[in-house]
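Reviewing the structure listed below.
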Number of protein chains: 2
Amino acid sequence: MKSIDKAMSALRLLVDSGGELRVGETSRHLKMTRGNASRLLASLARGGLLEQDPVTQRYRAGILSVEIAASFHRNFDLVEEARKEMEELARQTEHTVWLGVPSGTEVLVLKTVRGPQPIQFAVEPGHRLPAHAAAMGKALLALKSDQEIRALFSADPESLTTQTKTSIDELLRDIAMTRMRGYAVSNQELFEGVKAISVGFEDPQKSMGVAISVSYPLFSIEKTGDQPIIDALLMFARSFGTRIGDKRWVL
Amino acid sequence: MKSIDKAMSALRLLVDSGGELRVGETSRHLKMTRGNASRLLASLARGGLLEQDPVTQRYRAGILSVEIAASFHRNFDLVEEARKEMEELARQTEHTVWLGVPSGTEVLVLKTVRGPQPIQFAVEPGHRLPAHAAAMGKALLALKSDQEIRALFSADPESLTTQTKTSIDELLRDIAMTRMRGYAVSNQELFEGVKAISVGFEDPQKSMGVAISVSYPLFSIEKTGDQPIIDALLMFARSFGTRIGDKRWVL
DNA sequence: CAACATGTTGTATATTATGCAACATTCAAA
DNA sequence: TTTGAATGTTGCATAATATACAACATGTTG
(Lines give C-alpha, C1' and ligand atoms only; values in the text may rest on other atoms or scores of the structure.)
Protein backbone atom coordinates (compact mmCIF):
# COMPACT_ATOMS: atom_id res chain seq x y z
CA MET A 1 0.00 0.00 0.00
CA LYS A 2 2.24 2.69 -1.31
CA SER A 3 0.33 5.83 -0.45
CA ILE A 4 0.17 4.75 3.18
CA ASP A 5 3.86 4.07 3.20
CA LYS A 6 4.35 7.64 2.03
CA ALA A 7 2.11 8.89 4.78
CA MET A 8 4.23 6.98 7.30
CA SER A 9 7.36 8.53 5.83
CA ALA A 10 5.79 11.95 6.21
CA LEU A 11 5.02 11.25 9.87
CA ARG A 12 8.56 10.03 10.46
CA LEU A 13 9.78 13.22 8.80
CA LEU A 14 7.57 15.25 11.11
CA VAL A 15 9.13 13.62 14.16
CA ASP A 16 12.66 13.99 12.83
CA SER A 17 12.28 17.61 11.87
CA GLY A 18 11.10 18.73 15.25
CA GLY A 19 7.34 18.65 15.06
CA GLU A 20 6.55 20.94 12.15
CA LEU A 21 6.16 20.13 8.46
CA ARG A 22 5.80 22.39 5.47
CA VAL A 23 4.34 21.15 2.22
CA GLY A 24 7.40 22.02 0.16
CA GLU A 25 9.75 20.38 2.64
CA THR A 26 7.65 17.23 2.59
CA SER A 27 7.50 17.13 -1.19
CA ARG A 28 11.26 17.39 -1.47
CA HIS A 29 12.04 14.70 1.09
CA LEU A 30 9.45 12.23 -0.17
CA LYS A 31 10.14 13.02 -3.83
CA MET A 32 6.63 14.00 -4.78
CA THR A 33 5.19 17.16 -6.24
CA ARG A 34 4.06 19.94 -3.96
CA GLY A 35 0.52 19.33 -5.10
CA ASN A 36 0.49 15.75 -3.95
CA ALA A 37 2.27 16.51 -0.71
CA SER A 38 -0.39 19.10 -0.06
CA ARG A 39 -3.13 16.54 -0.65
CA LEU A 40 -1.38 13.96 1.53
CA LEU A 41 -0.95 16.24 4.52
CA ALA A 42 -4.47 17.60 4.11
CA SER A 43 -5.81 14.05 4.35
CA LEU A 44 -3.83 13.36 7.49
CA ALA A 45 -5.18 16.57 8.94
CA ARG A 46 -8.74 15.70 7.93
CA GLY A 47 -8.44 12.60 10.09
CA GLY A 48 -7.05 14.56 13.00
CA LEU A 49 -3.65 12.92 13.04
CA LEU A 50 -2.16 16.26 12.00
CA GLU A 51 -3.47 19.78 12.15
CA GLN A 52 -2.60 22.73 10.02
CA ASP A 53 -1.73 26.02 11.65
CA PRO A 54 -4.17 28.47 10.09
CA VAL A 55 -1.59 31.26 10.19
CA THR A 56 1.71 29.68 9.18
CA GLN A 57 0.06 26.89 7.14
CA ARG A 58 2.53 24.50 8.70
CA TYR A 59 1.34 21.04 9.71
CA ARG A 60 1.79 19.77 13.27
CA ALA A 61 0.70 16.72 15.24
CA GLY A 62 -3.04 16.55 15.87
CA ILE A 63 -5.15 15.37 18.74
CA LEU A 64 -5.65 11.90 17.30
CA SER A 65 -1.97 11.25 17.85
CA VAL A 66 -2.41 11.76 21.58
CA GLU A 67 -5.32 9.36 21.65
CA ILE A 68 -3.43 6.67 19.81
CA ALA A 69 -0.39 7.09 22.02
CA ALA A 70 -2.63 6.71 25.05
CA SER A 71 -3.85 3.36 23.80
CA PHE A 72 -0.21 2.42 23.30
CA HIS A 73 0.53 3.05 26.93
CA ARG A 74 -2.60 1.20 27.98
CA ASN A 75 -1.51 -1.86 26.04
CA PHE A 76 2.14 -1.65 26.83
CA ASP A 77 1.51 -3.08 30.28
CA LEU A 78 5.09 -2.55 31.32
CA VAL A 79 4.69 1.20 31.57
CA GLU A 80 1.74 0.95 33.90
CA GLU A 81 3.29 -1.93 35.83
CA ALA A 82 6.47 0.03 36.30
CA ARG A 83 4.84 3.27 37.33
CA LYS A 84 4.42 2.61 41.03
CA GLU A 85 7.89 1.22 41.50
CA MET A 86 9.35 4.09 39.54
CA GLU A 87 7.57 6.52 41.83
CA GLU A 88 9.00 4.71 44.83
CA LEU A 89 12.47 4.86 43.34
CA ALA A 90 12.08 8.56 42.63
CA ARG A 91 11.02 9.10 46.23
CA GLN A 92 13.98 7.16 47.60
CA THR A 93 16.62 8.75 45.41
CA GLU A 94 14.94 12.16 45.21
CA HIS A 95 15.81 12.29 41.52
CA THR A 96 14.12 11.80 38.17
CA VAL A 97 13.49 8.18 37.13
CA TRP A 98 13.27 7.29 33.44
CA LEU A 99 11.89 4.42 31.40
CA GLY A 100 13.02 3.98 27.81
CA VAL A 101 13.13 1.51 24.93
CA PRO A 102 15.62 1.23 22.09
CA SER A 103 14.93 2.97 18.79
CA GLY A 104 17.88 2.54 16.43
CA THR A 105 20.83 4.48 17.76
CA GLU A 106 18.54 6.37 20.08
CA VAL A 107 16.48 5.73 23.20
CA LEU A 108 12.81 6.51 23.13
CA VAL A 109 11.69 7.89 26.48
CA LEU A 110 8.35 6.35 27.40
CA LYS A 111 7.93 7.67 30.92
CA THR A 112 9.56 10.00 33.37
CA VAL A 113 8.83 10.32 37.08
CA ARG A 114 10.23 13.48 38.56
CA GLY A 115 11.77 13.55 41.98
CA PRO A 116 10.29 15.65 44.78
CA GLN A 117 12.65 18.57 44.28
CA PRO A 118 11.28 21.48 42.29
CA ILE A 119 14.03 21.67 39.69
CA GLN A 120 14.46 18.41 37.85
CA PHE A 121 16.22 17.29 34.75
CA ALA A 122 13.60 15.54 32.62
CA VAL A 123 11.91 15.46 29.23
CA GLU A 124 8.37 14.57 28.30
CA PRO A 125 7.64 11.03 27.07
CA GLY A 126 8.19 10.54 23.36
CA HIS A 127 11.49 12.37 23.15
CA ARG A 128 14.54 10.48 21.99
CA LEU A 129 18.03 10.58 23.41
CA PRO A 130 21.24 9.49 21.68
CA ALA A 131 21.94 5.96 22.88
CA HIS A 132 25.71 6.34 23.05
CA ALA A 133 25.54 9.22 25.51
CA ALA A 134 22.53 8.33 27.69
CA ALA A 135 22.82 5.82 30.53
CA MET A 136 19.66 4.09 29.34
CA GLY A 137 21.13 3.85 25.89
CA LYS A 138 24.26 2.16 27.09
CA ALA A 139 22.30 -0.20 29.32
CA LEU A 140 20.25 -1.21 26.28
CA LEU A 141 23.27 -1.51 24.01
CA ALA A 142 24.85 -3.79 26.60
CA LEU A 143 22.09 -6.31 25.83
CA LYS A 144 23.39 -6.58 22.27
CA SER A 145 26.60 -8.09 20.97
CA ASP A 146 29.54 -5.92 19.98
CA GLN A 147 28.93 -6.98 16.42
CA GLU A 148 25.33 -5.78 16.49
CA ILE A 149 26.40 -2.49 18.04
CA ARG A 150 29.02 -1.90 15.35
CA ALA A 151 26.41 -2.57 12.69
CA LEU A 152 24.08 -0.07 14.34
CA PHE A 153 26.54 2.81 14.31
CA SER A 154 27.52 3.50 10.74
CA ALA A 155 29.26 6.76 11.62
CA ASP A 156 31.12 7.80 14.73
CA PRO A 157 28.81 8.85 17.59
CA GLU A 158 28.11 12.54 17.84
CA SER A 159 29.82 14.62 20.49
CA LEU A 160 27.42 16.31 22.90
CA THR A 161 29.67 17.33 25.76
CA THR A 162 33.40 17.12 26.38
CA GLN A 163 32.74 13.81 28.11
CA THR A 164 30.86 12.11 25.28
CA LYS A 165 32.46 8.95 23.94
CA THR A 166 32.99 9.77 20.28
CA SER A 167 34.52 6.59 18.92
CA ILE A 168 32.88 3.20 18.66
CA ASP A 169 35.85 1.45 20.25
CA GLU A 170 35.68 3.73 23.24
CA LEU A 171 31.95 3.12 23.45
CA LEU A 172 32.40 -0.64 23.28
CA ARG A 173 34.94 -0.56 26.12
CA ASP A 174 32.43 1.37 28.22
CA ILE A 175 29.71 -1.11 27.38
CA ALA A 176 31.94 -4.05 28.28
CA MET A 177 32.39 -2.42 31.67
CA THR A 178 28.65 -1.93 31.88
CA ARG A 179 28.10 -5.65 31.40
CA MET A 180 30.56 -6.50 34.16
CA ARG A 181 29.24 -3.89 36.58
CA GLY A 182 25.60 -4.70 35.97
CA TYR A 183 24.62 -1.08 35.38
CA ALA A 184 25.44 1.67 32.93
CA VAL A 185 26.83 5.07 33.82
CA SER A 186 26.69 8.32 31.90
CA ASN A 187 28.97 10.85 33.52
CA GLN A 188 28.04 14.17 31.91
CA GLU A 189 28.14 12.53 28.51
CA LEU A 190 24.66 13.79 27.60
CA PHE A 191 24.47 17.04 29.54
CA GLU A 192 27.18 18.91 31.41
CA GLY A 193 26.78 18.55 35.14
CA VAL A 194 24.34 15.65 34.99
CA LYS A 195 25.11 12.03 35.76
CA ALA A 196 22.81 9.06 35.27
CA ILE A 197 22.89 5.33 35.96
CA SER A 198 20.71 2.72 34.35
CA VAL A 199 19.88 -0.97 34.25
CA GLY A 200 18.50 -2.80 31.23
CA PHE A 201 15.88 -5.52 31.13
CA GLU A 202 14.92 -7.83 28.34
CA ASP A 203 11.60 -9.38 27.52
CA PRO A 204 12.62 -12.64 25.88
CA GLN A 205 9.20 -13.13 24.29
CA LYS A 206 8.99 -9.78 22.63
CA SER A 207 12.76 -9.72 22.24
CA MET A 208 12.60 -6.12 23.33
CA GLY A 209 14.76 -4.23 25.75
CA VAL A 210 13.62 -1.83 28.44
CA ALA A 211 15.82 0.43 30.52
CA ILE A 212 15.25 2.22 33.81
CA SER A 213 17.55 5.02 34.87
CA VAL A 214 18.05 7.64 37.54
CA SER A 215 19.53 11.00 36.59
CA TYR A 216 20.96 13.51 39.03
CA PRO A 217 22.99 16.71 38.99
CA LEU A 218 26.60 16.40 40.12
CA PHE A 219 26.26 18.87 42.98
CA SER A 220 23.55 16.79 44.60
CA ILE A 221 25.94 13.95 45.41
CA GLU A 222 28.89 15.99 46.64
CA LYS A 223 28.51 14.64 50.14
CA THR A 224 26.93 11.23 49.69
CA GLY A 225 28.52 10.02 46.47
CA ASP A 226 26.82 7.78 43.91
CA GLN A 227 26.52 4.71 46.05
CA PRO A 228 23.12 5.33 47.66
CA ILE A 229 21.58 5.88 44.25
CA ILE A 230 23.28 2.80 42.81
CA ASP A 231 22.04 0.71 45.72
CA ALA A 232 18.49 1.96 45.28
CA LEU A 233 18.55 1.29 41.55
CA LEU A 234 19.93 -2.23 41.97
CA MET A 235 17.35 -3.02 44.61
CA PHE A 236 14.67 -1.75 42.25
CA ALA A 237 16.13 -3.90 39.50
CA ARG A 238 15.96 -7.07 41.55
CA SER A 239 12.36 -6.41 42.61
CA PHE A 240 11.23 -5.30 39.16
CA GLY A 241 12.89 -8.13 37.32
CA THR A 242 11.26 -10.80 39.40
CA ARG A 243 7.92 -9.14 39.87
CA ILE A 244 7.15 -8.86 36.20
CA GLY A 245 7.61 -12.57 35.81
CA ASP A 246 7.78 -13.01 32.09
CA LYS A 247 10.16 -10.09 31.80
CA ARG A 248 13.65 -11.20 32.56
CA TRP A 249 16.20 -8.94 34.14
CA VAL A 250 19.31 -9.55 32.17
CA LEU A 251 22.10 -7.38 33.49
CA MET B 1 -6.79 10.89 -0.89
CA LYS B 2 -9.10 8.05 -0.19
CA SER B 3 -6.77 5.36 1.06
CA ILE B 4 -5.39 7.74 3.67
CA ASP B 5 -8.88 8.63 4.76
CA LYS B 6 -9.49 4.94 5.32
CA ALA B 7 -6.31 4.67 7.33
CA MET B 8 -7.51 7.54 9.49
CA SER B 9 -10.83 5.78 9.97
CA ALA B 10 -8.97 2.66 11.04
CA LEU B 11 -6.99 4.65 13.59
CA ARG B 12 -10.13 6.25 14.91
CA LEU B 13 -11.64 2.78 15.17
CA LEU B 14 -8.60 1.62 17.10
CA VAL B 15 -9.04 4.38 19.63
CA ASP B 16 -12.78 3.83 19.94
CA SER B 17 -12.52 0.07 20.36
CA GLY B 18 -10.11 0.23 23.23
CA GLY B 19 -6.70 -0.06 21.66
CA GLU B 20 -6.85 -3.33 19.76
CA LEU B 21 -7.89 -3.98 16.18
CA ARG B 22 -8.47 -7.23 14.35
CA VAL B 23 -8.37 -7.45 10.59
CA GLY B 24 -11.90 -8.79 10.32
CA GLU B 25 -13.30 -6.17 12.63
CA THR B 26 -11.60 -3.44 10.62
CA SER B 27 -12.83 -4.81 7.31
CA ARG B 28 -16.42 -4.84 8.55
CA HIS B 29 -16.42 -1.33 9.99
CA LEU B 30 -14.65 0.26 7.03
CA LYS B 31 -16.56 -1.81 4.46
CA MET B 32 -13.59 -3.35 2.75
CA THR B 33 -12.54 -6.93 2.18
CA ARG B 34 -10.43 -8.71 4.78
CA GLY B 35 -7.60 -8.87 2.30
CA ASN B 36 -7.43 -5.13 1.88
CA ALA B 37 -7.86 -4.45 5.57
CA SER B 38 -4.95 -6.78 6.17
CA ARG B 39 -2.82 -4.85 3.69
CA LEU B 40 -3.87 -1.51 5.19
CA LEU B 41 -3.01 -2.44 8.76
CA ALA B 42 0.22 -4.10 7.66
CA SER B 43 1.28 -0.84 6.01
CA LEU B 44 0.52 1.14 9.14
CA ALA B 45 2.55 -1.38 11.11
CA ARG B 46 5.42 -1.22 8.62
CA GLY B 47 5.70 2.47 9.37
CA GLY B 48 5.61 1.87 13.11
CA LEU B 49 2.35 3.66 13.75
CA LEU B 50 0.82 0.31 14.68
CA GLU B 51 2.37 -2.98 15.66
CA GLN B 52 1.01 -6.46 15.30
CA ASP B 53 1.07 -8.80 18.25
CA PRO B 54 2.91 -11.85 16.95
CA VAL B 55 0.77 -14.18 19.04
CA THR B 56 -2.78 -12.85 18.79
CA GLN B 57 -2.20 -11.19 15.41
CA ARG B 58 -4.08 -8.19 16.73
CA TYR B 59 -2.89 -4.71 15.83
CA ARG B 60 -2.09 -2.17 18.53
CA ALA B 61 -0.60 1.31 18.66
CA GLY B 62 3.08 1.42 17.74
CA ILE B 63 5.99 3.42 18.95
CA LEU B 64 5.69 6.06 16.24
CA SER B 65 2.41 7.13 17.83
CA VAL B 66 4.25 8.04 21.03
CA GLU B 67 6.79 10.05 19.11
CA ILE B 68 4.14 11.99 17.22
CA ALA B 69 2.19 12.66 20.38
CA ALA B 70 5.35 13.99 21.99
CA SER B 71 5.74 16.51 19.21
CA PHE B 72 2.12 17.45 19.78
CA HIS B 73 2.81 18.30 23.39
CA ARG B 74 5.94 20.18 22.42
CA ASN B 75 3.97 22.35 20.05
CA PHE B 76 0.93 22.72 22.21
CA ASP B 77 2.72 25.23 24.39
CA LEU B 78 -0.15 25.41 26.81
CA VAL B 79 0.61 22.00 28.27
CA GLU B 80 4.19 22.89 29.00
CA GLU B 81 3.24 26.35 30.21
CA ALA B 82 0.69 24.88 32.56
CA ARG B 83 2.87 22.11 33.95
CA LYS B 84 4.63 24.03 36.69
CA GLU B 85 1.52 25.73 37.94
CA MET B 86 -0.36 22.44 37.88
CA GLU B 87 2.36 20.89 40.00
CA GLU B 88 2.08 23.73 42.46
CA LEU B 89 -1.69 23.29 42.60
CA ALA B 90 -1.28 19.55 43.18
CA ARG B 91 1.11 20.28 46.00
CA GLN B 92 -1.24 22.77 47.62
CA THR B 93 -4.36 20.67 47.37
CA GLU B 94 -2.60 17.30 47.76
CA HIS B 95 -4.82 15.93 45.01
CA THR B 96 -4.60 15.08 41.31
CA VAL B 97 -4.73 18.03 38.90
CA TRP B 98 -6.02 17.50 35.37
CA LEU B 99 -5.78 19.38 32.07
CA GLY B 100 -8.26 18.56 29.31
CA VAL B 101 -9.67 19.82 26.03
CA PRO B 102 -13.10 19.21 24.48
CA SER B 103 -13.56 16.36 22.03
CA GLY B 104 -17.19 16.10 21.01
CA THR B 105 -19.25 14.96 23.98
CA GLU B 106 -16.09 13.90 25.74
CA VAL B 107 -13.05 15.48 27.36
CA LEU B 108 -9.63 14.51 26.14
CA VAL B 109 -7.19 14.36 29.05
CA LEU B 110 -3.91 15.92 27.96
CA LYS B 111 -2.06 15.92 31.26
CA THR B 112 -2.42 14.74 34.83
CA VAL B 113 -0.29 15.74 37.79
CA ARG B 114 -0.73 13.42 40.74
CA GLY B 115 -0.82 14.67 44.27
CA PRO B 116 1.77 13.61 46.81
CA GLN B 117 -0.34 10.88 48.35
CA PRO B 118 0.41 7.37 47.17
CA ILE B 119 -3.09 6.43 46.09
CA GLN B 120 -4.46 8.84 43.54
CA PHE B 121 -7.40 8.87 41.19
CA ALA B 122 -5.93 9.56 37.74
CA VAL B 123 -5.69 8.32 34.17
CA GLU B 124 -2.87 8.60 31.69
CA PRO B 125 -2.99 11.41 29.10
CA GLY B 126 -4.96 10.56 25.99
CA HIS B 127 -7.92 8.99 27.72
CA ARG B 128 -11.32 10.50 27.23
CA LEU B 129 -13.97 11.13 29.86
CA PRO B 130 -17.70 11.73 29.25
CA ALA B 131 -18.17 15.49 29.30
CA HIS B 132 -21.55 15.46 31.04
CA ALA B 133 -20.16 13.64 34.10
CA ALA B 134 -16.66 15.06 34.46
CA ALA B 135 -16.05 18.42 36.08
CA MET B 136 -13.75 19.42 33.24
CA GLY B 137 -16.46 18.48 30.78
CA LYS B 138 -19.02 20.70 32.42
CA ALA B 139 -16.54 23.56 32.72
CA LEU B 140 -15.93 23.29 28.98
CA LEU B 141 -19.60 22.96 28.12
CA ALA B 142 -20.24 26.11 30.14
CA LEU B 143 -18.23 27.99 27.51
CA LYS B 144 -20.81 27.05 24.90
CA SER B 145 -24.39 28.21 24.50
CA ASP B 146 -27.30 26.00 25.59
CA GLN B 147 -28.21 25.67 21.94
CA GLU B 148 -24.78 24.35 21.01
CA ILE B 149 -24.87 21.90 23.92
CA ARG B 150 -28.25 20.53 22.86
CA ALA B 151 -26.92 20.03 19.35
CA LEU B 152 -23.94 18.16 20.73
CA PHE B 153 -25.97 15.63 22.69
CA SER B 154 -28.18 13.75 20.28
CA ALA B 155 -29.18 11.15 22.87
CA ASP B 156 -29.59 11.42 26.61
CA PRO B 157 -26.30 11.34 28.52
CA GLU B 158 -25.22 7.94 29.75
CA SER B 159 -25.59 7.07 33.42
CA LEU B 160 -22.31 6.19 35.12
CA THR B 161 -23.19 6.42 38.80
CA THR B 162 -26.40 7.08 40.71
CA GLN B 163 -25.39 10.76 40.73
CA THR B 164 -24.91 11.21 37.00
CA LYS B 165 -27.19 13.76 35.37
CA THR B 166 -29.00 11.72 32.75
CA SER B 167 -31.20 14.30 31.07
CA ILE B 168 -30.10 17.25 29.01
CA ASP B 169 -32.36 19.64 30.89
CA GLU B 170 -30.85 18.57 34.18
CA LEU B 171 -27.39 18.98 32.69
CA LEU B 172 -28.18 22.45 31.37
CA ARG B 173 -29.42 23.57 34.80
CA ASP B 174 -26.14 22.36 36.29
CA ILE B 175 -24.18 24.18 33.62
CA ALA B 176 -26.12 27.39 34.21
CA MET B 177 -25.09 27.11 37.86
CA THR B 178 -21.53 26.51 36.74
CA ARG B 179 -21.52 29.76 34.78
CA MET B 180 -22.78 31.70 37.78
CA ARG B 181 -20.43 30.04 40.27
CA GLY B 182 -17.38 30.35 38.05
CA TYR B 183 -16.40 26.72 38.45
CA ALA B 184 -17.89 23.32 37.68
CA VAL B 185 -18.54 20.55 40.19
CA SER B 186 -18.87 16.83 39.65
CA ASN B 187 -20.12 15.21 42.83
CA GLN B 188 -19.59 11.48 42.28
CA GLU B 189 -21.14 11.79 38.83
CA LEU B 190 -18.19 10.07 37.14
CA PHE B 191 -16.97 7.75 39.88
CA GLU B 192 -18.57 6.85 43.19
CA GLY B 193 -16.81 8.50 46.08
CA VAL B 194 -14.87 10.99 43.96
CA LYS B 195 -15.59 14.69 43.63
CA ALA B 196 -13.94 17.12 41.27
CA ILE B 197 -14.04 20.84 40.58
CA SER B 198 -12.91 22.56 37.43
CA VAL B 199 -12.50 25.90 35.70
CA GLY B 200 -12.54 26.44 31.96
CA PHE B 201 -10.41 28.79 29.91
CA GLU B 202 -10.81 29.90 26.36
CA ASP B 203 -8.15 30.74 23.85
CA PRO B 204 -9.92 33.25 21.62
CA GLN B 205 -7.32 32.95 18.86
CA LYS B 206 -7.50 29.22 18.55
CA SER B 207 -11.16 29.31 19.61
CA MET B 208 -10.39 26.33 21.78
CA GLY B 209 -11.33 25.58 25.34
CA VAL B 210 -9.05 24.22 28.03
CA ALA B 211 -10.09 23.00 31.46
CA ILE B 212 -8.14 22.48 34.66
CA SER B 213 -9.61 20.41 37.45
CA VAL B 214 -8.80 18.96 40.85
CA SER B 215 -10.25 15.57 41.81
CA TYR B 216 -10.41 14.20 45.33
CA PRO B 217 -11.99 11.35 47.24
CA LEU B 218 -14.91 12.27 49.48
CA PHE B 219 -13.30 10.99 52.66
CA SER B 220 -10.35 13.34 52.24
CA ILE B 221 -12.49 16.44 52.85
CA GLU B 222 -14.54 15.19 55.78
CA LYS B 223 -12.95 17.68 58.12
CA THR B 224 -11.97 20.58 55.92
CA GLY B 225 -14.77 20.65 53.35
CA ASP B 226 -14.40 21.71 49.73
CA GLN B 227 -13.56 25.33 50.33
CA PRO B 228 -9.76 25.09 50.58
CA ILE B 229 -9.62 23.25 47.27
CA ILE B 230 -11.99 25.69 45.63
CA ASP B 231 -9.92 28.61 46.85
CA ALA B 232 -6.71 27.08 45.55
CA LEU B 233 -8.27 26.36 42.16
CA LEU B 234 -9.67 29.86 41.80
CA MET B 235 -6.34 31.38 42.76
CA PHE B 236 -4.72 29.19 40.14
CA ALA B 237 -7.30 30.34 37.62
CA ARG B 238 -6.59 34.00 38.21
CA SER B 239 -2.87 33.46 37.91
CA PHE B 240 -3.15 31.19 34.90
CA GLY B 241 -5.70 33.31 33.09
CA THR B 242 -3.72 36.47 33.37
CA ARG B 243 -0.28 34.94 33.01
CA ILE B 244 -0.93 33.52 29.59
CA GLY B 245 -2.07 36.85 28.35
CA ASP B 246 -3.59 35.93 25.03
CA LYS B 247 -5.62 33.19 26.68
CA ARG B 248 -8.71 34.62 28.26
CA TRP B 249 -10.07 33.25 31.52
CA VAL B 250 -13.68 33.13 30.68
CA LEU B 251 -15.54 31.90 33.69
C1' DC C 1 -13.70 -34.41 12.98
C1' DA C 2 -16.25 -31.10 10.55
C1' DA C 3 -17.75 -26.54 9.93
C1' DC C 4 -16.49 -22.16 10.47
C1' DA C 5 -13.66 -17.81 11.20
C1' DT C 6 -9.58 -15.64 10.53
C1' DG C 7 -5.26 -13.54 8.36
C1' DT C 8 -2.56 -13.57 4.24
C1' DT C 9 -1.21 -13.70 -0.75
C1' DG C 10 -1.87 -13.63 -6.08
C1' DT C 11 -4.07 -11.58 -10.04
C1' DA C 12 -7.01 -8.79 -13.46
C1' DT C 13 -9.61 -4.75 -13.40
C1' DA C 14 -11.33 -0.32 -12.16
C1' DT C 15 -10.46 3.26 -9.13
C1' DT C 16 -7.22 6.72 -7.72
C1' DA C 17 -2.94 8.82 -6.93
C1' DT C 18 0.18 11.19 -9.79
C1' DG C 19 2.59 14.75 -12.79
C1' DC C 20 1.91 18.88 -15.05
C1' DA C 21 0.20 23.28 -15.30
C1' DA C 22 -2.10 27.45 -13.68
C1' DC C 23 -3.41 30.46 -10.01
C1' DA C 24 -3.42 33.23 -5.71
C1' DT C 25 -0.37 34.60 -1.81
C1' DT C 26 3.53 35.64 0.59
C1' DC C 27 8.10 37.22 1.14
C1' DA C 28 12.67 39.41 -0.12
C1' DA C 29 15.38 42.01 -2.65
C1' DA C 30 15.80 45.72 -5.94
C1' DT D 1 6.42 50.13 -4.52
C1' DT D 2 7.86 46.81 -7.90
C1' DT D 3 9.88 42.60 -9.30
C1' DG D 4 11.03 37.91 -8.84
C1' DA D 5 11.02 33.71 -6.58
C1' DA D 6 8.93 30.50 -3.42
C1' DT D 7 4.81 28.68 -1.36
C1' DG D 8 0.18 26.18 -0.89
C1' DT D 9 -3.79 24.84 -3.49
C1' DT D 10 -6.82 23.10 -7.33
C1' DG D 11 -8.13 20.92 -12.10
C1' DC D 12 -7.37 17.45 -15.41
C1' DA D 13 -5.60 13.42 -18.37
C1' DT D 14 -2.88 9.48 -17.65
C1' DA D 15 -0.33 6.01 -15.45
C1' DA D 16 -0.09 3.65 -11.20
C1' DT D 17 -2.31 1.20 -7.54
C1' DA D 18 -5.95 -0.11 -4.45
C1' DT D 19 -9.61 -3.15 -4.94
C1' DA D 20 -12.68 -7.49 -5.27
C1' DC D 21 -12.49 -12.18 -5.79
C1' DA D 22 -10.59 -16.36 -4.98
C1' DA D 23 -7.57 -19.76 -2.88
C1' DC D 24 -4.78 -21.18 0.90
C1' DA D 25 -3.04 -21.93 5.66
C1' DT D 26 -4.14 -21.79 10.32
C1' DG D 27 -6.58 -21.70 14.23
C1' DT D 28 -11.52 -22.24 16.84
C1' DT D 29 -15.77 -24.06 17.97
C1' DG D 30 -19.46 -27.28 18.14
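Note that the structure is predicted; figures quoted are calculated from it, not measured.
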Measure CG/Asp53(A) against P/dT7(D) and give the value in whole Å, please.
17 Å
Grab the CZ-C1' distance between Arg58(A) and dT7(D) for me, whole Å please.
11 Å
Across nucleotides 17-27 of chain D, 5' to 3', mark each nucleotide with B, S or - according to how protein heavy atoms within less than 4.0 Å reach it.
SSBB-------
Dump the pairs, protein N or O against N or O of nucleotides 24-29 of chain C, anything under 3.5 Å, distances to one decimal.
none

Looking at residues at least two apart in the chain, or sitting in another chain, which of them share a ring pair (Phe, Tyr, Trp, His ring centres under 6.0 Å) with Phe153(B)?
none
Could you go step by step and tell me if Arg83(B) and Glu87(B) meet the salt bridge (Lys or Arg N to Asp or Glu O under 4.0 Å) rule?
CA-CA 6 Å; Arg83(B) 187 179 57 75; Glu87(B) 285 173 353; 3.1 Å; yes
How would you list, by chain and number, every residue that makes a side chain to side chain donor-acceptor pair (under 3.5 Å) with Glu189(B), sequence neighbours excluded?
Lys138(B)
So do the side chains of Leu108(B) and Val101(B) get within less than 4.5 Å of each other, counting heavy atoms only?
yes
Shortest non-hydrogen contact from Glu25(A) toward Leu13(A)
O-CD2, 4.4 Å
In whole angstrom, what separates Leu50(A)'s CG from dG8(D)'s C1'?
16 Å
Under 4.0 Å between a side-chain N or O of Ser38(A) and OP1 or OP2 of dG8(D)?
no
Need one value for Arg28(B): base, sugar-phosphate or nothing, where a base atom within 4.0 Å counts as base even if backbone is also close, heavy atoms only.
sugar-phosphate
For a quick check of understanding: with a heavy-atom distance under 4.0 Å over all strands, which category does Gln52(B) fall into, base, sugar-phosphate or nothing?
sugar-phosphate
Would you call Arg128(B) and Asp16(B) a salt bridge, taking side-chain N to carboxylate O under 4.0 Å as the test?
yes
Looking just at side-chain N and O atoms, do Glu106(A) and Ser103(A) make a donor-acceptor pair shorter than 3.5 Å?
no
Between C1' on dT16(C) and CG on Asp5(B), what's the gap in Å once rounded to a whole number?
12 Å
Let me test you: for the helix from dC1(C)-dG30(D) to dC27(C)-dG4(D), what is the angle between the axes at its two ends (five pairs each), rounded to 10 degrees?
50°
If you compare all heavy atoms of Ser3(A) against all heavy atoms of Ile4(B), which two are closest, and at what distance to 0.1 Å?
O-CD1, 3.7 Å
Return a table of donor-acceptor pairs under 3.5 angstrom between the side chains of residues 34-41 of chain A and protein atoms on other chains or two or more places apart.
from	atom 1	to	atom 2	distance (Å)
Asn36(A)	OD1	Arg39(A)	NH2	3.3
Asn36(A)	ND2	Thr33(A)	OG1	3.0

Rounded at 0.5 Å granularity, tell me how far CG in Leu110(B) sits from CD1 in Ile63(A).
6.5 Å
Taking all non-hydrogen atoms of both residues into account, name the closest pair between Met86(A) and Phe236(A) and its distance.
N-CE1, 4.2 Å
